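Here is the structure we will look at.
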There are 2 protein chains.
Amino acid sequence: MVRKTKEEAEQTRKEIIHAARRVFHECGVSHSTLEKIAKAAGVTRGAVYWHFQDKAELFFAMREDVFAPMVERTDAYLLSERFENPLDAIEASITEFFRVLEDSAVVREVFEIMISRCEYVGEFTSVEEEIGRPAYDFLAKIERVYRQAADKGMLRPGIDPMDAARDTWAFTSGLLHLLLSCQRGSDLSQKVSAMISVHMAMRRIPSV
Amino acid sequence: MVRKTKEEAEQTRKEIIHAARRVFHECGVSHSTLEKIAKAAGVTRGAVYWHFQDKAELFFAMREDVFAPMVERTDAYLLSERFENPLDAIEASITEFFRVLEDSAVVREVFEIMISRCEYVGEFTSVEEEIGRPAYDFLAKIERVYRQAADKGMLRPGIDPMDAARDTWAFTSGLLHLLLSCQRGSDLSQKVSAMISVHMAMRRIPSV
DNA sequence: TTATTTACATACATTCATGAATGTTTATAA
DNA sequence: TTATAAACATTCATGAATGTATGTAAATAA
């Protein structure tokens with residue numbers, strides 16, 4: 001049983017990607033041999049080389065499966081018009097991001113691989129840029145939304161929209177890193193939602 | 001000339017550590033062979049194996065040289081009594097951290113290695129914990145200082161000290177990561193100081 | 001002065017991972 | 001129906017990288 005139908009081939013391709021994720025997560029990218037990945041997927045290296053040129057291409061495929069949908073989901077909240085207060089859009093967007101991260105083990109594994117199980121040198125320097133771009137995009141987007149909030153008079157007076165955006169930007173990045181790389185039996189994940197609320201509350205109009 | 005005096009031996013030990021830092025930074029930890037490091041240090045692998053058991057031990061030695069002094073310096077500000085406003089101590093401490101990071105190429109290289117050029121698996125999982133511990137220590141420390149500020153009536157009303165501490169914690173972590181792993185010709189490093197001021201200003205008593 | 005370490009360099013054996021080449025079966029197109 | 005090519009498995013050659021073992025000259029202790 002060698003020659004498979006197209007659907008079967010596509011299936012083994014996906015299984016190779018899933019196996020790669022598991023092995024990357026366990027061994028780190030550079031200590032993950034294609035042999036290990038193949039074995040984990042129940043195939044041989046021949047199959048891996050058939051579907052992917054090398055480890056880097058496999059890595060990108062794994063990443064793409066998860067990254068793009070994530071940006072799309074969070075943008076949906078961020079750019080939605082259904083919030084009368086733009087600050088609610090920002091809060092909902094960030095909350096959604098961490099909710100997906102909490103709920104989906106696959107997403108969490110991929111982010112953990114990218115953050116603490118991959119060395120960004122050589123052919124992987126581009127990956128760092130690909131991670132950096134969405135980060136800067138995020139900054140630009142929330143800055144626009146903060147500006148809308150300011151225009152509507154819903155941003156606490158004395159706070160500049162750009163300043164607020166940069167602060168939220170760093171906060172979000174830090175929360176992500178602390179969550180994925182410094183988890184020592186801490187209950188941080190339970191506090192994420194509250195931390196986001198507190199963060200946003202500091203730039204809302206005081207209720208009293 | 002083979003047998004060296006003790007001081008000379010100590011010197012080559014240091015040169016090996018410096019070479020390791022350069023090679024780690026350029027190639028990533030797992031793609032750094034002891035051969036490369038030895039050549040960069042102007043010695044052979046024999047010398048490296050004489051001074052260090054393996055690559056991991058060399059990595060730890062490199063890290064220790066930079067990490068401990070850094071914590072000491074920032075703690076000096078954080079725990080100093082010479083600030084009448086505890087919020088100034090926090091701001092000075094964080095500012096000092098990023099100032100050292102900006103000024104010292106060695107420190108920056110080591111942090112860059114730890115953040116984006118090392119895979120935290122296998123024998124390096126412990127490194128992740130060693131990075132996580134100072135992070136949690138920092139959280140505990142600034143929470144205490146925020147509490148002092150609240151007791152002195154210098155924390156903006158409505159803000160809980162623990163909440164403020166966690167927000168600052170995430171902010172600092174995020175700023176560090178953004179600074180070291182997403183630098184694409186951006187002028188972020190110039191804005192660090194201002195970002196810290198803005199961040200702290202949001203929890204100070206409004207002047208008006 | 002001599003014996004013994006020290007502080008390395010050199011050489012070697014072994015393991016691993018890669019990439020390419022080749023083999024093999026079967027779906028599919030003509 | 002047959003030729004072709006897809007979807008792999010198997011084998012092989014090669015090149016690191018590691019750890020260890022051994023060689024060696026000078027510093028140092030006795």
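What you see is a predicted model, and the numbers here were worked out from it, not measured in a lab. Naming convention: chains lettered A, B, ... in sequence-line order (proteins, then strands); numbering from 1 in each chain.
For A:Y77 and A:F97, the gap between ring centers reaches or exceeds 6.0 Å.
Considering all non-hydrogen atoms of both residues, B:L180 and A:E128 come closest at O-OE2, 4.3 Å.
Remark: B:T5 is in phosphate contact with D:dT28, judged by side-chain N or O atoms under 4.0 Å from OP1 or OP2.
Contacts between residues 36-64 of chain A and DNA chain D, counted as heavy-atom distances below 4.0 Å, involve A:V43, A:T44, A:G46, A:A47, A:W50, A:H51.
Both tests do not hold together for B:R21 against B:F24: distance to the six-membered ring centre under 6.0 Å, angle to the ring axis within 45°. B:R133 forms no cation-pi arrangement with B:Y136, by the criterion of a distance under 6.0 Å to the ring centre and an angle within 45° of the ring axis.
For A:R22, there are no salt bridge (charged side-chain N to carboxylate O under 4.0 Å, His left out) partners at least two apart in sequence or on another chain.
The nearest whole Å value for the distance from the CD atom in B:E8 to the P atom in D:dA25 is 17 Å. In this structure, NZ of B:K4 is placed 13 Å from P of D:dT28, rounded to the nearest angstrom.
By the 30° and 60° cut-offs, the orientation of the rings of B:F60 relative to B:F124 is parallel.
To the nearest 0.5 Å, atom OG of residue B:S93 and atom CG of residue B:D88 are 12.0 Å apart.
In this model, a donor atom of one side chain and an acceptor atom of the other lie less than 3.5 Å apart for A:T5 and A:E7.
Comparing D:dC8, D:dT18, C:dA17 against the side chain of B:T33 picks out D:dT18 as the nearest.
The C1' atoms of five pairs define one axis at each end of the helix from C:dT1-D:dA30 to C:dA30-D:dT1, and these two axes lie 10° apart (to 10°).
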